Amino acid sequence: WQEMPLINCLADYLENGEVEEIGLSNIGPKRLRYIHKSLSRRGIKIKSVQIQFSLLCPLKEKDENIAKVCKELKIDLLAYSPLALGILSVSPNTNKRPSTKLRENIFRNLLPKSLEIRKGLSIIANKRRTSQVEVALNWCRAHGAIPIPGLRSPKQAKEAINALNWMLTQKEREYLDQLSKESSARTPNNPFQSE
């Protein structure tokens, strides 16, 4: 009952020039179509929808539908947490530990389970003389999503920029798709995702 008043308030802000665009997060295909239709009546376009998406959180059927709806309605699909909380940046030859307790527990569980995926990222990165981060971000791009990684250092910013300068081959993408499909490593589900 709170959603549409909020959406209409955002639309008012847009019409008054207080915001330039409207983006949504954690929304399913049914809700997206409903909100899109409602805003279209006011002549307002949804700019983007962001979903959790990475090699450790691949598109499920519902997410594939949201990707299709975004493409159909010409809405940018943004991938948040494309590096799976940083796990995909960890070399397969190391057991890096994060500084926060919450992430420490997630890393303890997912680092061992994600080893084959991280090896695959490393193989492609070495062949291309780039980083695992760039490969993981390009995997998201290869699926039609715009990755929005968290950046905490100049090095990370440079890797994100460099990832825009090239694309995975179809064969590289399929190789990573298969590793992701076979892996039991999964980041925690988003409890806020709607239908």
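These numbers were taken from a predicted model, which means no experiment stands behind them.
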Original post:
Once you round to the nearest 0.5 Å, how far does CZ of R33 lie from CD1 of I66?
Top reply: 9.0 Å

**OP:** Determine whether I161 and V135 fall in the same hydrophobic cluster, where Ile, Leu, Val, Met, Phe, Trp and Tyr are linked whenever their side-chain heavy atoms lie under 4.5 Å apart.
**Re:** no

Original post:
Taking atom NZ of K155 as the centre, does the number of heavy atoms from other residues, nucleotides or ligands within less than 6.0 Å exceed 12?
Top reply: no

Subject >> Residues which pass side-chain contact (heavy atoms from CB on, under 4.5 Å) with L73, listed by chain and number, not counting sequence neighbours >> reply: H36, V69, I75

Original post:
Does a donor on one side chain and an acceptor on the other come within less than 3.5 Å for Y80 and N26?
Top reply: yes

Subject >> Validation row: N109, K113 side chains within 4.5 angstrom (heavy atoms) >> reply: yes

Subject >> R173 side-chain N/O to A142 backbone N/O, donor-acceptor pair under 3.5 Å >> reply: yes

Subject >> Spacing of CG belonging to L168 relative to NE2 belonging to H143, to within rounding of 0.5 Å >> reply: 8.5 Å

Original post:
How is the hydrophobic cluster of M167 composed, in terms of its other members, when Ile, Leu, Val, Met, Phe, Trp and Tyr link through side-chain heavy atoms under 4.5 Å apart, directly or indirectly?
Top reply: none

Original post:
To the nearest 0.5 Å, what is the distance between CD1 (I35) and CD1 (I27)?
Top reply: 3.5 Å

Original post:
When the aromatic ring centroids of F53 and W139 are compared, is their separation below 6.0 Å?
Top reply: yes

Original post:
Is the backbone N or O of L111 less than 3.5 Å from a side-chain atom of S114, with the two atoms forming a donor-acceptor pair by type?
Top reply: yes

Subject >> In one Ile/Leu/Val/Met/Phe/Trp/Tyr side-chain cluster, 4.5 Å: Y13, I46 >> reply: yes

**OP:** Could you walk me through whether L85 and S81 pass the side chain to side chain contact (heavy atoms under 4.5 Å, CB included) test, one step at a time?
**Re:** CA-CA 6 Å; L85 304 171; S81 199; 3.9 Å; yes

Subject >> Flag side-chain contact, heavy atom, 4.5 Å: E116 against E182 >> reply: no

**OP:** Check the surroundings of atom CD in E20: do more than 12 heavy atoms from other residues, nucleotides or ligands lie under 6.0 Å from it?
**Re:** no

**OP:** Quick one: which residue pairs count as a side chain to side chain donor-acceptor pair (under 3.5 Å) with a foot in residues 159-169, not counting sequence neighbours?
**Re:** S131-E159, E134-W166, T169-E172

Original post:
Do the non-hydrogen side-chain atoms of L24 and R31 ever get within less than 4.5 Å of each other?
Top reply: no

Original post:
With a 4.5 Å limit on heavy-atom distance, are the side chains of I124 and Y175 in contact?
Top reply: yes

Subject >> Residue that, paired with D76, satisfies side chain to side chain donor-acceptor pair (under 3.5 Å) out of K71, K47, Q50 >> reply: K47

Subject >> Test log, rule side-chain hydrogen bond (donor to acceptor under 3.5 Å, both in side chains), inputs T187 and Q52 >> reply: CA-CA 9 Å; T187 53; Q52 184 178 6; 3.1 Å; yes

**OP:** State whether the side chain of S89 and the backbone N or O of G86 hold a donor-acceptor pair below 3.5 Å, judged by distance alone.
**Re:** yes

Original post:
Between N138 and P147, is any pair of side-chain heavy atoms under 4.5 Å apart?
Top reply: no

**OP:** Measure the shortest side-chain to side-chain distance between T94 and S91 over non-hydrogen atoms and say whether it is less than 4.5 angstrom.
**Re:** yes

Original post:
Hydrophobic clusters join Ile, Leu, Val, Met, Phe, Trp and Tyr when side-chain heavy atoms are under 4.5 Å apart, directly or via other members; which others share one with V133?
Top reply: L83, L137

**OP:** Please go through L164's hydrophobic cluster and name the other residues, only I, L, V, M, F, W, Y counting, with side-chain heavy atoms under 4.5 Å joining them.
**Re:** none

**OP:** Establish whether L179 and L115 are linked, either directly or via other cluster members, by ILVMFWY side-chain heavy-atom contacts under 4.5 Å.
**Re:** no

**OP:** For Q132 and V90, indicate whether the former's side chain and the latter's backbone hold a donor-acceptor pair under 3.5 Å.
**Re:** yes

Original post:
For Q156, which residues count as a side-chain hydrogen bond (donor to acceptor under 3.5 Å, both in side chains) partner, sequence neighbours excluded?
Top reply: none

Original post:
So, E174 and Q178: side-chain donor and acceptor under 3.5 Å apart, yes or no?
Top reply: no

Original post:
Within the distance-only criterion (no hydrogens, no angle test), does the side chain of K158 pair as donor or acceptor with the backbone N or O of S153 below 3.5 angstrom?
Top reply: no

